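For clarity, every value in this text was computed on a predicted model and none was experimentally measured.
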Amino acid sequence: MLGREYRALTLGIVSVVLMIAFEATAVGTAMPIAARDLDGLGLYAYAFSGFFTTSLLAMVVSGQWCDRGGPLPPLAAGIGGFAAGLVISGTAQSMGVFVLGRAVQGLGGGLVIVALYVVVGRAYPERLRPAVMAAFSASWVVPSIVGPLVSGTVTEQLGWRWVFLAIPVLVVLPLMVMLPALRRAAHTPEEGAPQRMDGRRIWLAVALAAGAVLLQYAGQDLRPLSVLPAVLGAALLVPAALRLLPAGTFRAVRGLPSVVLMRGIAAGTFLAAESFVPLMLVTQRGLSATMAGLSLAGGGLTWALGSYIQARPRLEEARGRMVRLGMVLSAVAIAAVPLALDHAVPPGIVAAAWCVGGLGMGLVISSLSVLLLKVSPPSDAGANSAALQVSDSLSNVLLVAAAGTVFTALGGGSIAPSATAVTAASAAHPAAFTAVFLPAAAIALVGAALAPRVHPRSS
């Protein structure tokens, strides 16, 4: 993939992933302090789920856009939108505007991630795709180590806003390196691709996103009247999801449907748990934002290691077993995090657990991406990649929203995170965190049981 034919393209798309990775690790570290300063801890979950909600719509649009006109236009538009959302959040004076910025980021991120998958499917032969996916995971290594340290230092010394406002500078490099190579490699539509956008699917994506918003609102506003937006949200979301994802996804039908379902289970459980790890360490164990963020850094290293392992040619026929093993490791890691709520347990257990979970996610996510491209004809690569990412984001939205609901109901919304040490007496809500992590671990175990179904029966 670094040969003369693919070098510029590989460096370009890896640069895009590097930008996304640095944003994810840096913003996650700064988020508890931003929520405190904007007096918006009750909306903490929205800062994460808002990103994934809008990305649902953008992913469907991007899939059709890629199939119709190639991945270049949605990729460029997505990078611009991603940067604009960071600027909005970084200049926000209220938590509502901050969440709006995250939503704009989600639009850009949804366009980008689907387009990247289409680029890999079109520009690289099948034998190189596992290595490209491993390179994507390796792109998280440096940000996972440097991101929390830089973000925490900037947050403590200059303020959390500079974390958001500085990241758009990273947009310039991917655009300069990748776009010329992409024009040569994969900018034209595939033969047999649709000639125009499917308006029905776009409206279904709108309904899906609207339903997710209503469910999140109902979950955060725990009054009896909240049942109305909850019912309306479910009425919009469920039919739209059934039509946007491959038939049989929610029945775990073998092959493509199970690949799409497993992506949602894997990403949703791990990332929903990860969203609350820094907040728990800051409020319950008195760690600084820097140290809380660094507790997740090892997960980036082992994620890359897991992705490297799955790229070995001799393991090509063992992808189902790798997915199962990865889900078990993820479940163990998530279940171990609440042990740190006991002050007799060193907080370093979280860092160790996240290394285990990262290894599992590296095995799972990269394997599922390779399997998706393997079963997708070129003309359907955009639509199927969009379905994979929709499953990912929908699971994140629903699980983060559910976690936020339980967290708020058990008193978590009253926690006041601080950049300095806090005592157990001033942040005595360990049950709120336990109720986030243990259900996520249980769902990950369900995923482990379903993992063998990612292979079609004939294989």
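- The side-chain hydrogen bond (donor to acceptor under 3.5 Å, both in side chains) check on Asp37 picks up Trp160, with sequence neighbours excluded.
- For residues 287-311, no pair satisfies salt bridge (Lys or Arg N to Asp or Glu O under 4.0 Å), with sequence neighbours left out.
- Here the shortest heavy-atom pairing between Ser62 and Gly110 reads CB-O, 3.9 Å.
- A pairwise comparison of heavy atoms in Ala435 and Val406 identifies CB-CG1, 3.3 Å as the closest pair.
- Between Thr434 atom OG1 and Phe407 atom CZ the span is 11.0 Å, to the nearest 0.5 Å.
- Legend: side-chain hydrogen bond (donor to acceptor under 3.5 Å, both in side chains) pairs involving residues 322-334, not counting sequence neighbours: none detected.
- Within a 6.0 Å sphere centred on CZ of Arg312, other residues, nucleotides and ligands contribute more than 12 heavy atoms.
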Practice item. Could you please spell out the steps behind the side-chain contact (heavy atoms from CB on, under 4.5 Å) verdict for Met262 and Leu450? Key: CA-CA 8 Å; Met262 284 299 304; Leu450 296 174; 4.0 Å; yes

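- Leu232 is not listed as a side-chain neighbour of Leu228, based on a closest heavy-atom distance of 4.5 Å or more.
- Legend: ring-ring contact (aromatic ring centres under 6.0 Å, His included) pairs involving residues 223-258, not counting sequence neighbours: none detected.
- Looking at residues two or more places apart in sequence or on another chain, you find no side-chain hydrogen bond (donor to acceptor under 3.5 Å, both in side chains) involving Thr54.
- Minimum heavy-atom separation, Ala292 to Val282: CB-CG2, 3.9 Å.
- No more than 12 heavy-atom neighbours from other residues, nucleotides or ligands sit within 6.0 angstrom of CG on Asp39.
- A distance of 5.5 Å separates CD1 in Ile309 from CG in Leu359, rounded to the nearest 0.5 Å.
- Nearest heavy-atom pair, Pro74 versus Leu111, reported as atom, atom and distance to 0.1 Å: O-CB, 3.5 Å.
- Of all heavy-atom pairs between Ala252 and Leu261, the closest is CB-CD2, 3.8 Å.
- With sequence neighbours left out, the ring pair (Phe, Tyr, Trp, His ring centres under 6.0 Å) criterion links Phe437 to no other residue.
- A donor-acceptor pair is defined here as one N or O able to donate and one able to accept, closer than 3.5 Å; such a pair exists between the side chain of Ser258 and the backbone of Val253.
- No side-chain heavy atom of Pro257 sits less than 4.5 Å from a side-chain heavy atom of Arg251.
- In the displayed structure, Met95 atom CE is contacted under 6.0 Å by more than 12 heavy atoms of other residues, nucleotides or ligands.
- In this structure a side-chain-to-backbone donor-acceptor pair under 3.5 Å is missing from His455 to Ala318.
- In this structure, Leu236 and Leu208 have side chains that are not in contact, with every pair of non-hydrogen atoms separated by 4.5 Å or more.
- Each salt bridge (Lys or Arg N to Asp or Glu O under 4.0 Å) pair with one or both residues in residues 224-247, not counting sequence neighbours, would appear here, but there are none.
- Listed by first and then second residue, the side-chain hydrogen bond (donor to acceptor under 3.5 Å, both in side chains) pairs involving residues 347-361 are Glu274-Trp354 (not counting sequence neighbours).
- Here CG of Leu256 is found 7.0 Å from OG1 of Thr249. Values are rounded to the nearest 0.5 Å.
- The CE atom of Met327 lies 15.0 Å from the CE atom of Met322; values are rounded to the nearest 0.5 Å.
- Residues forming a side-chain contact (heavy atoms from CB on, under 4.5 Å) with Leu399 (at least two apart in sequence, or on another chain): Thr269, Ala272, Ser395, Ile443.
- Residues passing the side-chain contact (heavy atoms from CB on, under 4.5 Å) test with Val206, sequence neighbours excluded: Leu57, Trp203.
- Taking the side chain as every heavy atom from C-beta outward, Leu56 and Leu244 never approach each other to under 4.5 Å.
- At least one side-chain heavy atom of Leu287 sits under 4.5 Å from a side-chain heavy atom of Ser295.
- Annotation: side-chain hydrogen bond (donor to acceptor under 3.5 Å, both in side chains) contacts of Gln310 (sequence neighbours excluded): Arg319.
- A side-chain donor-acceptor contact under 3.5 Å links Ser369 to the backbone of Ile365.
- Remark: Val97 engages Ile88, Ala92, Ser94 in a side-chain contact (heavy atoms from CB on, under 4.5 Å) (not counting sequence neighbours).
- Looking at Leu296 and Pro278, their side chains come closer than 4.5 Å, going by heavy atoms from C-beta outward.
- Smallest separation of non-hydrogen atoms from Ile265 and Ala444: CG2-CA, 4.5 Å.
- The side chain to side chain contact (heavy atoms under 4.5 Å, CB included) test with Arg263 is passed by exactly one of Val364, Val454, Asp392: Asp392.
- No side-chain heavy atom of Val436 sits less than 4.5 Å from a side-chain heavy atom of Met280.
- Partner of Gln389 under the side chain to side chain contact (heavy atoms under 4.5 Å, CB included) criterion, chosen from Ile113, Leu372, Leu116: Ile113.
- To the nearest 0.5 angstrom, Leu339 atom CG is 4.5 Å from Ile349 atom CD1.
- Within the 4.5 Å cutoff, side-chain heavy atoms of Leu165 are placed close to those of Thr91.
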Check your understanding: Step by step, would you call Leu341 with Phe433 a side-chain contact (heavy atoms from CB on, under 4.5 Å)?
Key -> CA-CA 8 Å; Leu341 291 167; Phe433 289 102; 4.2 Å; yes

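- To the nearest 0.5 angstrom, Leu279 atom CG is 12.0 Å from Arg36 atom CZ.
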